[in-house]
Amino acid sequence: MKAVNTKYVRLYSDAGGESHFEDLEVELSAVEFAPPAPPLNLSTFMLASQAAFFGAPAGWRGDWHPSPARNLFVILSGEWEVEVSDGTVRRFGPNHVLLLEDTTGKGHASRVVSDTASIAVVVQLQE
């Protein structure tokens, strides 16, 4: 089985407290993950402390705030618009993955821009 890559977006704070987006790619390598099933492509694991489903209604808005923890945010439904303090605005919908690491500084502003509620999975990562 050939190794593949997948992409995700990191939202982080720099030393001055400004938040930014960074596009990242991670390699998935073939491993014996669930024998006797055939090999699967897997990245290295991130240490997590807890996970939850996360819901926000259509029109929900969160003014400027830092992330309360290092969160891996996987959108299942709905669409989000996220603005970072450097002025960049991006939209994230189903199957987008966002790694929120802006736990200090100005943080980000976010809102649900879809006509329907959003459901996501949030995985809090260990520091």
Side-chain angles (χ1 to χ4, degrees):
M1 179 182 284
K2 180 178 139 181
V4 296
N5 292 344
T6 191
K7 297 177 183 182
Y8 66 98
V9 176
R10 176 179 178 233
L11 193 164
Y12 69 97
S13 296
D14 64 21
E18 295 294 332
S19 56
H20 310 276
F21 290 116
E22 178 182 16
D23 293 308
L24 297 174
E25 196 166 300
V26 62
E27 183 177 326
L28 308 178
S29 300
V31 297
E32 297 287 336
F33 183 70
L40 294 166
N41 289 316
L42 189 72
S43 72
T44 57
F45 278 97
M46 298 176 188
L47 295 178
S49 59
Q50 57 186 352
F53 289 96
F54 179 95
W60 182 90
R61 177 182 298 274
D63 288 329
W64 292 97
H65 62 282
S67 183
R70 289 182 65 232
N71 288 319
L72 192 63
F73 192 73
V74 182
I75 301 168
L76 302 175
S77 65
E79 185 176 20
W80 288 80
E81 184 175 86
V82 180
E83 181 177 2
V84 292
S85 63
D86 71 10
T88 306
V89 177
R90 289 197 186 181
R91 286 193 172 199
F92 301 93
N95 300 320
H96 281 107
V97 177
L98 184 60
L99 174 60
L100 297 161
E101 294 187 314
D102 62 330
T103 58
T104 61
K106 296 177 182 177
H108 61 277
S110 52
R111 65 190 183 112
V112 176
V113 293
S114 53
D115 293 335
T116 59
S118 174
I119 300 293
V121 173
V122 177
V123 180
Q124 287 194 338
L125 302 175
Q126 292 181 2
E127 293 300 322

Check your understanding: Rounded to the nearest 0.5 Å, how far does CD of E83 lie from CZ of F21?
Key -> 8.5 Å

Side-chain heavy atoms under 4.5 angstrom apart, residues restricted to Ile, Leu, Val, Met, Phe, Trp, Tyr: same cluster for [X] and [Y]?
X	Y	result
V123	L47	no
V121	Y8	yes
L40	V4	no
L24	V26	yes

Study note, to complete from the structure: side chain to side chain contact (heavy atoms under 4.5 Å, CB included) with L11: of T88, V82, N71, L99, only one passes, and it is V82

Exercise for review: Check S19, S67, S110, P66 against L100 for a side chain to side chain contact (heavy atoms under 4.5 Å, CB included) and give me the one that passes.
Suggested key: S67

Practice item. Would you tell me whether E18 and S85 have side-chain atoms, one donor and one acceptor, within less than 3.5 Å of each other? Key: yes

Exercise for review: Would you check if there is a donor-acceptor pair between the side chains of E25 and N5 at a distance under 3.5 Å?
Suggested key: yes

Check your understanding: Got a sec, which pairs hit ring-ring contact (aromatic ring centres under 6.0 Å, His included) with one end in residues 103-127, sequence neighbours left out?
Key -> H65-H108

**Study point:** Set of residues satisfying side-chain contact (heavy atoms from CB on, under 4.5 Å) with respect to A117, sequence neighbours excluded
**Key:** none

Revision key, fill the gap. For Q50, the side-chain contact (heavy atoms from CB on, under 4.5 Å) test, sequence neighbours excluded, returns Q124

Any side-chain heavy atom of [X] within less than 4.5 Å of one from [Y]?
X	Y	result
L28	S43	yes
V9	L98	yes
V97	L72	yes
D102	T104	no

Exercise for review: For this output row, return yes or no: ring centroids of F92 and F73 closer than 6.0 angstrom.
Suggested key: no

Can you give me every donor-acceptor pair (side chain of residues 74-81, partner residue at least two apart or in another chain, under 3.5 Å) with its distance?
from, atom 1, to, atom 2, distance (Å)
S77, OG, I119, N, 3.2
W80, NE1, S118, OG, 2.7
E81, OE1, R111, NE, 2.9
E81, OE1, R111, NH2, 3.0
E81, OE2, R91, NE, 3.3
E81, OE2, R91, NH2, 3.4

Check your understanding: Which residues satisfy the salt bridge (Lys or Arg N to Asp or Glu O under 4.0 Å) test with D23, sequence neighbours excluded?
Key -> R90

Practice item. Not counting sequence neighbours, which residues clear salt bridge (Lys or Arg N to Asp or Glu O under 4.0 Å) with E22? List them please. Key: R10

